[in-house]
Amino acid sequence: MTSKYEPKKIETKWQRYWAEHQTFRVTEDPSKAKYYCLEMFPYPSGRIHMGHVRNYAIGDVVARYKKTRGYNVLHPMGWDAFGLPAENAAIDKGVHPVVWTYDNIAYMRDQLRKMGLSYDWDREVTTCDPAYYKWNQWFFLKMYEKGLAYKRRSSVNWCNSCETVLANEQVIDGQCWRCSSVVDQKELEQWFFKITEYAEELLAGCDRLTGWPERVLIMQRNWIGKSAGVEVDFPLAAGDGAIRIFTTRPDTLFGATFMSLAPEHPLVESLIRGTEAEAAVRALVERVKHQDRVIRTAEDVEKEGVCTGRYAINPLTQKKIPVWVANFVLMEYGTGAIMAVPAHDQRDFEFAKKYHLPMRVVIQNREETLSEGTMTAAYTDEGPLVNSGLFSGVPSPEAIEKIAGYIEQEGLGKRTVNYKIRDWGVSRQRYWGTPIPIIYCDRCGVVPVPEDALPVVLPRDVAFTGKGGSPLHQVQGFVKAHCPSCGGEARRETDTMDTFVDSSWYFLRYGSPKTDHLPFDKQAVSYWMNVDQYIGGIEHAVLHLLYARFFTKVIRDLGLIAVNEPFANLLTQGMVIKDGAKMSKSKGNVVDPDYLIGTYGADTARLFSLFAAPPEKDLDWSDRGVEGAFRFLSRVYRKVADLAPCLNPQLNLKVRGIHQYRNRLDEIGAGLPEDLKRLRKVVHQTIKKVSENIEVFHFNTAISFIMEMVNNIYLVPHEGRAGDEGFLYVMKESLDSLILLLSPFAPHITEEMWEMMGYESSVTGVPWPIYCTEIAQEEERLIVIQINGKVRSKITVPAGTPEEEIRRRALSDERITGLLGGKPPRKVFVVQEKLVNIVV
RNA sequence: GCCGGGAUGGUGAAACAGGUAGACGCACGGGACUCAAAAUCCCGCGGGGGCAACCCCAUGGGGGUUCGAUUCCCCCUCCCGGCACCA
């Protein structure tokens, strides 16, 4: 017997076949409906992990399935190739980032090939290639022209030992993730992208992204953090000027009994200069400024403040109120100054209690009367206004509107909207990233590199010491430049871009990866966009997915594309878990894809990761389960290997497809013996169920239905039936269908079996099987009979039996009449073709 | 603290426009094949009671709506994510 399933042999054979026949190559074809299936491209860290296997297995099922449904499918892959680990490898091991990265890519590309993924490798994109990052620079210049890229001083996390900036996520408990020294805050000139300009559109767009998981949209909405309120000026009691505050609660304005400024607020200095409070305020400001962000915003930080000794006038009460500086007020949000309403804001309440500041109730609790002396917490609910002049008695929700109107009418302030989202800081003091295309000239100032001088290429000859900041700084040949404007000596910007820039538009580049006069070809990309299905990890819910949306809108406004959103449908897959924890090297619970594929084959690896859990849920890895998947494929293979040799010559069906012999099968269908009729019905039902389940990404149940069908095929005896036409046709139809249904999940073994069935072309070109409604239809229905909601009997009736008849048969059922014992039913519920419930 | 998501057999999970709870797989048990083992094929498999036909209990816990609730509503417990002084 040669019916042993040998995945290694089969898989190499078909991977070679696909490569030689360019099976997955696609071109734009306006006569066909397109489908763009995209998985998040990986960072080339060295080897793929199980998360990748799962992600790409999911994407491949979608891509292959859509192809069998006649779509022109774009399914590309590439490399998110810039980033810190390459630079660390250079420092630690002395390997150049270019070498390290491209070696990793070569290895990982090979791993992906061995998974049998249906990528069009001709469209491969690598972000560290100058031909790619040239366009990062081009977009930067376009955004600079439009004022969307700008430079300002800002505070960053700085490690004195590594002499470099750290991202927020690289600061662990206030310490550098690499050398564990304490991280400082440092003011640096930084480049920013003005994502805030698109805040409103990004927010509004969330409502139209109906193909995205709700929780991702919620996270994005929260991140953007829109709130509507008013800005109000509180004039200083002495001297000129005013303090502008932002509040969402104008209804509590009458209760503002003091004010708090952020330590960084520009007015602080002038308010305290030469006063008694000067030293105390300055001490607080200095202390807070040197706390890093992580510590400062930690939950257990106590509220503290110092009084400036100065006063402002509450514009509604005309009362003098003291001005404080407080550590919990953030300069980045609103105006950096707040009015403090201790009676109705918990933070202000705590602050007022601590420093014995006055309180004033302006919203009354309908249930129990509030009074300043007895309150133990701020009252933040609704209620009628009190102590609020003209507005006393107005319910607070209404007062928000009324007082806001009054403020505007009296010229005391205006309605505004605030967002939590901040502009995107893109400067990185790193080598392995896209150089920012800017030149600094002593005479002309900041000068953009002219478009025709792009790309600004990253110099290769660089020393990686891990010391002295960005290695680019030391490269004279790079730093020294001529001013594009005056031709004089100038310096080149040595910061590089955040690598999230790279991934913000790569999906557009796939549409025409070799275009060199523009980032992409407009026509090709307008054919492919949007991405119909995007698949990746939830960890990018706000970062990458928000940046990509922002870039898409910017690129649209540059006139290069027409779409508003990059990804029509989003699937966020769950993590891969083993022994109750996420797979990680430190936990020692990783499963190596190389080992898995080497031992069981790619088809088994794919099948298991799709079968063990629905895609969006976490997947619990099980070695036993993997064996089960392998066993199933072997079982399928054995049956085909067993039957194919007798089917082909007997039926003379060499290259004729499923649709042709079905006609013959339909002719003899009525005369088939019971077991074959039954199998045929199961096959058609399975086609229906598998199709429906793939459409909604229920791959685990789709696979379970295929398994059930295989069990049914096994149950049909075949001894002595080799000459029976009906048997041969039914088996042929069953096996052909089985192979086609299984092909998106396990592409190699199905190619092999398709060939064994006598077909000469690849299974990838064969249309998805179609089921026949009449055959799939059950002609008998099982009716459950309940008494008082408990199952007491079951009967079968022909399909289409009228309700009355079902009721009659249920009530006259032997078991039921016995149990009823002559008692008349009080009520009888009949659910058509399903259930009868008798209430007594 | 706020916002999400979740809890179903020994185990991964099915089933939710309310209608037989546990499909399919894993583990386990039994049988067939074999000198034997592995592999394979077939059967069984939530818990409790009963010789049996059958009966009772069971979808994190407690209430409710309903002829009927894993599914809908209210309260509670635990777990996992995200945000976190945003005025």
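Quick caveat, the model's predicted, so the values are computed rather than measured. In what follows, every heavy atom counts, from backbone to side chain, and hydrogens, waters and symmetry copies are set aside. In what follows, chains are A, B, ... by sequence order, proteins preceding strands, each numbered from 1.
- Among the nucleotides B:rC24, B:rC86, B:rC42, the one closest to the side chain of A:Phe611 is B:rC24.
- In a base pair of the Watson-Crick type (N1 to N3 plus N6-O4 or O6-N4) or a G-U wobble (N1-O2 and O6-N3), with each distance short of 3.5 Å, B:rC85 is matched with no nucleotide.
- The ring-ring contact (aromatic ring centres under 6.0 Å, His included) test with A:Phe608 singles out one residue from A:Phe630, A:Trp621, A:Tyr600, and that residue is A:Trp621.
- With both pairing distances under 3.5 Å, B:rA7 is matched to B:rU77 as a Watson-Crick or G-U wobble pair.
- Across all strands, A:Arg792 comes closer than 4.0 Å only to sugar-phosphate atoms, never to a base (heavy-atom distances).
- Rounded to an integer number of Å, the gap from CD1 of A:Ile338 to C1' of B:rC85 is 9 Å.
- One interatomic measurement links the two molecules: CD of A:Gln346 to P of B:rA84, which rounds to 20 Å at whole-angstrom precision.
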Could you give me the CA-CA distance, side-chain angles and deciding distance for A:Glu302 and A:Lys354, then say whether salt bridge (Lys or Arg N to Asp or Glu O under 4.0 Å) is met? CA-CA 10 Å; A:Glu302 188 164 348; A:Lys354 179 168 175 180; 3.1 Å; yes
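- Using a cut-off of 4.0 Å between Lys/Arg side-chain N and Asp/Glu carboxylate O, A:Arg678 and A:Glu778 are scored as salt-bridged.
- Nucleotides B:rG61 and B:rC78 are separated by 10 Å at their C1' atoms, to the nearest Å.
- Comparing B:rG12, B:rC56, B:rU40 by their nearest atom to the side chain of A:Lys790 picks out B:rC56.
- No contact: A:Gly225 has no heavy atom under 4.0 Å from any strand.
- Protein atom CG of A:Asp620 is 18 Å distant from nucleotide atom P of B:rG6, rounded to whole Å.
- On the P atoms, B:rU59 is 13 Å away from B:rG10, given to the nearest whole Å.
- In this structure, of B:rC56, B:rA13, B:rC86, it is B:rA13 that holds the atom nearest to the side chain of A:Asn700.
- Remark: B:rG46 base-pairs with B:rC57; criterion is Watson-Crick or G-U wobble with both hydrogen-bond distances under 3.5 Å.
- Looking at the side chain of A:Met707, the nearest of the listed nucleotides B:rC26, B:rG25, B:rU20 is B:rG25.
- Nucleic acid contact for A:Ala613: none, since no nucleic acid atom lies under 4.0 Å from a heavy atom of the residue.
- Which of B:rC55, B:rC85, B:rG19 sits closest to the side chain of A:Leu835 comes down to B:rG19.
- A:Asn418 and A:Ser227 are not linked by any side-chain donor-acceptor pair at a separation below 3.5 angstrom, with hydrogens and angles left out of the test.
- Rounded to a whole Å, the NZ atom of A:Lys827 is 8 Å from the C1' atom of B:rC67.
- Across the protein-nucleic acid pair, A:Leu619 atom CG and B:rG12 atom C1' stand 9 Å apart, rounded to whole Å.
- A:Phe632 comes within contact range of no nucleotide atom at all, as no heavy-atom separation falls under 4.0 Å.
- A donor and an acceptor atom, one from each side chain of A:Tyr419 and A:Glu200, are located under 3.5 Å apart.
- Residue A:Thr248 is classed as a sugar-phosphate contact, given heavy-atom separations below 4.0 Å to backbone atoms only.
- In this structure, of B:rG19, B:rA87, B:rC41, it is B:rA87 that holds the atom nearest to the side chain of A:Val329.
- In this model, a donor atom of one side chain and an acceptor atom of the other lie less than 3.5 Å apart for A:Arg635 and A:Asn711.
- Surrounding NZ of A:Lys688 are at most 12 heavy atoms belonging to other residues, nucleotides or ligands under 6.0 Å away.
- Nucleic acid contact class of A:Asp348 (heavy atoms, under 4.0 Å, all strands): none.
- If you measure from atom CG of A:Leu819 to atom C1' of B:rC54, you get 10 Å, rounded to the nearest angstrom.
- Within the 4.0 angstrom heavy-atom criterion, no nucleotide atom of any strand lies near A:Ile245.
- Rounded to whole Å, the C1' atom of B:rU8 lies 35 Å from the corresponding atom of B:rA32.
- Contacts of A:Glu214 with the nucleic acid, taken as non-hydrogen atoms under 4.0 Å apart, are absent.
- Across B:rG68, B:rC24, B:rA87, the shortest atom-to-atom separation from the side chain of A:Asn837 is found for B:rG68.
- Each of A:Asn693 and A:Arg635 was assigned the nucleotide of RNA chain B with the nearest heavy atom; the assignment lying further toward the 5' end belongs to A:Asn693.
- B:rA69 and B:rC74: their C1' atoms are spaced 15 Å apart (whole Å).
- For B:rU20, there is no paired base (Watson-Crick or G-U wobble, both distances below 3.5 Å).
- Stacking is not found between A:Tyr333 and the pyrimidine-like six-membered ring of the B:rC86 base under the 5.5 Å centre-distance and 30° plane-angle cut-offs.
- In this entry B:rA15 has no Watson-Crick or G-U wobble partner, no candidate having both defining distances under 3.5 Å.
- The distance between atom CZ of A:Arg826 and atom C1' of B:rG68, rounded to the nearest whole Å, is 13 Å.
- If you check every strand for non-hydrogen atoms under 4.0 Å, A:Val831 touches a base.
- When heavy atoms are screened at a 4.0 angstrom cut-off, A:Arg347 is found touching base atoms of the nucleic acid.
- Of the listed nucleotides (B:rA21, B:rC86, B:rC3), B:rC86 has the atom at the smallest distance from the side chain of A:Arg422.
- The phosphate of B:rC86 has neither OP1 nor OP2 within less than 4.0 Å of any side-chain N or O from A:Tyr419.
- Within the 4.0 angstrom heavy-atom criterion, only backbone atoms of the sugar-phosphate kind lie near A:Ser227; the bases stay farther away.
- The A:Phe246 side chain lies nearest to B:rA87 when the options are B:rC41, B:rA87, B:rA27.
- Residues A:Arg221 and A:Asp207 are paired through a salt bridge, judged by an N-O separation under 4.0 Å between the basic side chain and the carboxylate.
- Between A:Gln786 atom CD and B:rG18 atom P there is a gap of 16 Å when expressed in whole angstrom units.
- Within the 6.0 Å centre-distance limit, the rings of A:Phe328 and A:Phe351 are counted as a close aromatic pair.
- If you take atom P in B:rA7 and the same atom in B:rU70, they sit 14 Å apart, rounded to whole Å.
- Across B:rG64 and B:rG12, the matching C1' atoms stand 34 Å from one another, rounded to whole Å.
- The side chain of A:Leu715 approaches B:rC43 more closely than any other nucleotide in the set B:rC43, B:rG19, B:rA87.
- Rounded to a whole angstrom, the distance from the C1' atom of B:rG9 to that of B:rA27 is 12 Å.
- The C1' atoms of B:rA14 and B:rC24 are separated by 8 Å, rounded to the nearest whole Å.
- When heavy atoms are screened at a 4.0 angstrom cut-off, A:Val784 is found touching base atoms of the nucleic acid.
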